[in-house]
Amino acid sequence: MLRTHTCGELRAGHNGQTVTVAGWVDKYRDHAGIVFVDVRDRYGKTQIKFDLSDSSDVQALARGLRYEDVIQVTGMVEPRPEGLANPKLATGEIEVLARELVVLNKSKTPPFEPDTSALPNEELRLKHRFLDLRRPDLQKTIIMRHQLTKAVRDYFDEHQFLEIETPILGRSTPEGARDYLVPSRVHPGCFYALPQSPQLYKQILMIAGFDRYMQIARCFRDEDLRADRQPEFTQIDVEMAFVKREDILQMIDGLIGRLVTTLQGKQIKLPLPRYSHAEVMERYGSDKPDLRFGMELVDIKEIATTCGFGVFKSTIEKGGRVRGMRVVGAAEKYSRKQIDELTEFVKNYGAMGLAFFRVKSATELDSPIAKFFSAEDQAKIITRLGATTGDLLFFVADTPKVTNAALAALRSRLGKELNLYDPTEINVAWVLDFPMYAWNEEEQRWEAEHHPFCQPVEEDIPLFDTDPGKIRAQSYDLICNGYEAASGSVRIHDPAVQQRVFNFIGITPEHAEERFGFLLESLRFGAPPHAGIALGLDRWVMMFGNIDNIRDVIAFPKTQKASDLLTGAPADVDSKQLRDLHIKIDAPKT
RNA sequence: GGGGUGGUAGCUCAAUUGGUUAGAGCACCGGACUGUCGAUCCGGAGGUUGCGGGUUCGAGCCCCGUCCGCCUCGCCA
């Protein structure tokens, strides 16, 4: 070992001991006769003192130290003089009087320092990720990620789950996200697909009899990125055989409870609250609402139908909805100009406009469109929204889909702008009974809302022939602070039902046999009822770290264009490699 | 593919209506300093204003194109 102690562990109790520490030069303060150097490693910082009375070699060397040099220092632990302890440092009671100094690696002048309070732009940070990762807060997150992952493994291990690896090179299946493809050298013109999730493998593990499976599984989806989405990400993948939905919910409740206890030392109230999909859509306009604050959506169909405002009235006549929300005490917080900006904001979600009212009194509204509403209607709106003087009311009149999207986005934005919640709170809940299928207007066909292996609610099965949009899935999402934090379902274990579902979403029996034949075949050989779930590990780290960007919870993340600025991936390859793979490039001219 | 936003010294930022030699703090280099901990003080060096074109007597600033980062819609079973 090149050290006897880390930079975070020396205390007054070590006084008088000769120690060796090693780390990076975090700061240096050169007073000529005396030089202070803070050495940093992942455990903390320790102040090293170089004194004129020491050997001149060491002293001269010390004066040449610069940021990020890696050094090894041997010396004696001393108490700091009276009144000079540094309360900001855990090791602030002591310093090490250096006797020997070895520069293990001299650093070039770094483009930025790890302790910088004003973060450099992200491009630079990602390009020099080895420096960025030295930042204490990023190190803290990566360490917490490890603790979370370990707690997950411990929890499932205690419940007799087996961690089983599944292939990274698999086969492409229809439906779902765009696959990342890997060309086969041995099979010209054929490709492996990287897994979007281990879904089919884990179902087959159930059929094989490994009735409790989990895996910290890397998944790949070739879709556009977001602040909470990376092309490769990690799922806590779980599957159980001989269980019902309730068993999964309880098992995962226990996991969340464990994580909150382990990572925060707190208790979370269990069981976690449960909502139906229909309920959250009606109350919040989203299938993953942020439940840290209220501001629920209100339908004013009755008033809209009879009021004098043409936009509201005609929307109802066309089968649309008029819904709104009450922003408590915000009448004076938003100027006309700011409301115009909110109007532009909701237009991004398809809304044609945003109606607003300031509540002037218990019965009176103030708005450019107030004249279209009778005194009676104004009073009704106030009553319906439960509003009081000084509130601000917003309404969107549009299709059900657009009112949901626009109002949910507006609610989320206002909640943040108005600080309606504690940003450090972790609010977790279940959303159950998603619809099985959604009509794809573009492709004119039904498609699976969750995935095609999900079991419909038994009593809804007759609806296949009458009203497929109403069929509920035996599915469940875990939502947390406005994110989808987990998603799962009871699976189909009857090949006939599976065949029928494929058929319904437009996969012909021949096609199904070709692409999913292995699953259908396995279902014919004694498939137990099974169910499972996958939790987004990266997102849970975001929650527990109170971090709003997924790149900050991943050691080596990719940019929005899916590039790795550290390594330069993706990059072109030798023509020989392409020949081996029987691939010719037909890239668009730039 | 669409919308928004940013790119000026190594870094973080500034630069009035288009107008003189593009500034500051930190970092870097040289010097001073025995108790600092965002050390301080003195001095110095450092710029193809992302890139390409255009308008203009004159462009960091205006116009067109393009590249890159970020946010977002679509997309993400």
Side-chain angles (χ1 to χ4, degrees), chain A residues 26-38 45-54 59 63-64 66-68 78 80-89 91-92 95 97 108-128 131 173-179 196-197 199-200 219-231 233 341 344-351 405-406 409 413 434 436-438 440 442 446-454 473 475 484 487 489 501-502 505 507 534 536 548-549 551 558-561 563 565 590:
Chain A
D26 193 68
K27 277 283 188 301
Y28 57 92
R29 296 173 290 278
D30 182 353
H31 298 245
I34 186 168
V35 177
F36 297 103
V37 173
D38 295 336
K45 295 179 194 175
T46 297
Q47 174 165 291
I48 311 295
K49 182 172 79 171
F50 296 90
D51 197 280
L52 193 61
S53 58
D54 286 335
Q59 179 74 359
R63 297 193 69 183
R66 291 298 178 267
Y67 290 151
E68 301 309 307
E78 293 184 339
R80 296 204 191 178
E82 186 70 27
L84 290 174
N86 184 350
K88 289 187 209 161
L89 282 185
T91 60
E95 60 197 4
L97 175 60
K108 284 172 67 179
T109 301
F112 60 90
E113 292 149 48
D115 79 331
T116 181
S117 50
L119 285 178
N121 82 50
E122 196 154 354
E123 196 174 348
L124 195 75
R125 289 176 52 201
L126 292 173
K127 195 170 170 184
H128 301 272
L131 293 178
T173 54
E175 296 277 311
R178 194 176 294 115
D179 285 320
Q196 295 177 27
S197 80
Q199 181 62 33
L200 296 176
C219 304
F220 306 85
R221 294 179 189 176
D222 188 4
E223 297 291 349
D224 286 344
L225 282 71
R226 285 288 184 281
D228 63 345
R229 266 166 33 192
Q230 281 272 305
F233 60 100
E341 201 192 310
E344 289 307 307
F345 176 73
V346 295
K347 283 180 182 171
N348 295 329
Y349 300 87
R413 174 172 169 164
F434 278 61
M436 257 316 258
Y437 306 107
N440 184 325
E442 206 173 300
W446 291 99
E447 58 186 15
E449 183 83 3
H450 181 54
H451 58 51
F453 319 108
C454 175
S475 70
E484 177 192 317
S487 185
S489 63
V501 167
F502 282 149
I505 58 175
I507 301 177
D548 58 13
N549 192 300
R551 292 183 299 280
K558 292 184 173 53
T559 69
Q560 192 159 52
K561 288 203 161 171
S563 299
L565 298 182
T590 47

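We name chains A, B, ... by the order of the sequence lines, and we start the count at 1 in each one. Just so it is clear, the structure is predicted and the values come from calculations on it, not from any experiment.
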Assigned partner base of rC26(B), Watson-Crick or wobble definition, under 3.5 Å: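 Its partner is rG10(B).
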What is the base-pairing partner of rC70(B), counting Watson-Crick and G-U wobble geometry with both distances under 3.5 Å?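 For rC70(B), the partner nucleotide comes out as rG4(B), under the 3.5 Å rule.
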Ignoring backbone atoms, test whether [X] places a side-chain nitrogen or oxygen under 4.0 Å from the OP1 or OP2 oxygen of [N].
X: K127(A); N: rG69(B); result: no
X: R29(A); N: rA39(B); result: yes
X: Q196(A); N: rC76(B); result: no
X: R551(A); N: rC70(B); result: yes
X: K27(A); N: rU36(B); result: no
X: T559(A); N: rG69(B); result: yes
X: Y349(A); N: rG3(B); result: no
X: N348(A); N: rG74(B); result: no
X: R66(A); N: rC29(B); result: yes
X: R226(A); N: rC73(B); result: yes

Out of [options], whichever nucleotide has its closest atom nearest the side chain of [X]:
X: S563(A); options: rG69(B), rA27(B), rC76(B); value: rG69(B)
X: R63(A); options: rG38(B), rC76(B), rC33(B); value: rC33(B)
X: E122(A); options: rG69(B), rC37(B), rG74(B); value: rG69(B)
X: D38(A); options: rC70(B), rC37(B), rU34(B); value: rC37(B)
X: T109(A); options: rC75(B), rG35(B), rA27(B); value: rA27(B)
X: K561(A); options: rG10(B), rC68(B), rC28(B); value: rC68(B)

Pairwise 5' ranking along RNA chain B for N121(A) and D115(A), keeping only the more 5' one: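 Looking at the nearest nucleotide for each, N121(A) comes out on the 5' side.
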Students often get this wrong, so: under 4.0 angstrom with heavy atoms, is L124(A) touching a base, only sugar-phosphate, or nothing?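 It contacts sugar-phosphate atoms only.
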Separation of the [atom1] atoms in [N] and [M], to the nearest angstrom:
N: rU66(B); M: rG7(B); atom1: C1'; value: 14 Å
N: rG1(B); M: rG18(B); atom1: P; value: 34 Å
N: rU34(B); M: rG50(B); atom1: C1'; value: 48 Å
N: rC61(B); M: rU8(B); atom1: P; value: 13 Å
N: rC28(B); M: rU12(B); atom1: C1'; value: 16 Å
N: rU49(B); M: rA9(B); atom1: C1'; value: 10 Å

Between P452(A) and V501(A), which heavy-atom pair has the shortest distance, and what is it?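 Distance-wise, the nearest heavy atoms are O-CG1, 3.4 Å.
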Ionic contact status for E223(A) with R229(A), cut-off 4.0 Å: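 Here R229(A) does not pair with E223(A) in a salt bridge, since their nearest N and O are not under 4.0 Å apart.
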Tell me whether the rings of H128(A) and F112(A) are parallel (<30°), tilted (30 to 60°) or perpendicular (>60°).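 Taking F112(A) first and then H128(A), their aromatic rings stand perpendicular (interplane angle over 60°).
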